[in-house]
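Step one of this worksheet: look at the structure below.
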Amino acid sequence: MNRSNVEPIMTLSDGTHLVISTQSLRDGAFTCAVYRATIGTGDDAAFRIISDHLAAPTCLAAQEYAYQCALRIYPGSGETMKKPPYLIWRGPQADLQS
């Protein structure tokens with residue numbers, strides 16, 4: 001089973017949010033992608049992907065790749081952009097042990 005989460009890392013000047021989505025894959029690897037999100041009222045949200053899915057053997061490494069990608073897309077935002085770690089879990093094996 002795949003699991004994913006979304007963490008806001010910065011609010012842009014137009015009110016949209018830059019978010020990083022982390023996905024735990026069945027084989028224990030992780031991917032992250034950077035999205036631009038428009039959050040509406042209630043549970044409404046629209047997401048537009050702005051990076052590739054960046055894979056790594058650990059959750060933190062994937063998030064660091066995505067953070068670096070976000071910095072390249074929005075240079076000069078390092079002071080306001082939330083740095084990793086974001087929401088982290090050890091992967092699907094940890095869920096089975098719970």
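We count residues from 1, following the sequence as given. Note that the structure is a prediction, hence the values are computed from the model and not measured.
- In terms of heavy atoms, Cys59 sits closest to Thr22 at SG-CG2, 3.5 Å.
- Nearest heavy atom pair, residue Tyr65 against residue Ala56, reads CE1-CB, 3.6 Å.
- Looking at heavy atoms from C-beta onward, Val19 lies in side-chain contact with Phe47 at the 4.5 angstrom threshold.
- Following chains of ILVMFWY side-chain contacts shorter than 4.5 Å, one can reach Leu12 starting from Leu71, so the two form part of one hydrophobic cluster.
- Annotation: salt bridge (Lys or Arg N to Asp or Glu O under 4.0 Å) contacts of Asp14 (sequence neighbours excluded): Arg36.
- Contact annotation: the side chain of Ser21 never approaches that of Asn5 to less than 4.5 Å [non-hydrogen atoms, C-beta and beyond].
- For the atom pair Ile20 CD1 and Glu64 CD, the distance stands at 10.5 Å (nearest 0.5 Å).
- Gln63 places no side-chain N or O within donor-acceptor distance of the main-chain N or O of Lys83, the cut-off being under 3.5 Å.
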Between Phe30 and Leu25, does a side chain to side chain contact (heavy atoms under 4.5 Å, CB included) hold up when you go through it step by step? CA-CA 6 Å; Phe30 294 86; Leu25 304 176; over 6 Å; no
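- Residues Met10 and Tyr74 form a side-chain contact, since some pair of their non-hydrogen atoms from C-beta on lies under 4.5 Å apart.
- Sorted by first and then second residue, the side-chain hydrogen bond (donor to acceptor under 3.5 Å, both in side chains) pairs with a member in residues 51-62 form an empty list; sequence neighbours excluded.
- Ile39 is not listed as a side-chain neighbour of Asp44, based on a closest heavy-atom distance of 4.5 Å or more.
- Residues Met81 and Leu18 meet the side-chain proximity criterion, which asks for heavy atoms closer than 4.5 Å.
- Side-chain contact between Tyr35 and Ile50 is absent, with no heavy atoms from C-beta onward closer than 4.5 Å.
- Here the straight-line distance linking atom NE2 of His17 with atom CD1 of Ile9 works out to 12.0 Å at 0.5 Å rounding.
- Hydrophobic clustering (side-chain heavy atoms under 4.5 Å, transitive across Ile, Leu, Val, Met, Phe, Trp, Tyr) keeps Leu87 apart from Leu54.
- Under a cut-off of 6.0 angstrom, the local environment of OH in Tyr67 is crowded, with over 12 non-hydrogen atoms contributed by other residues, nucleotides or ligands.
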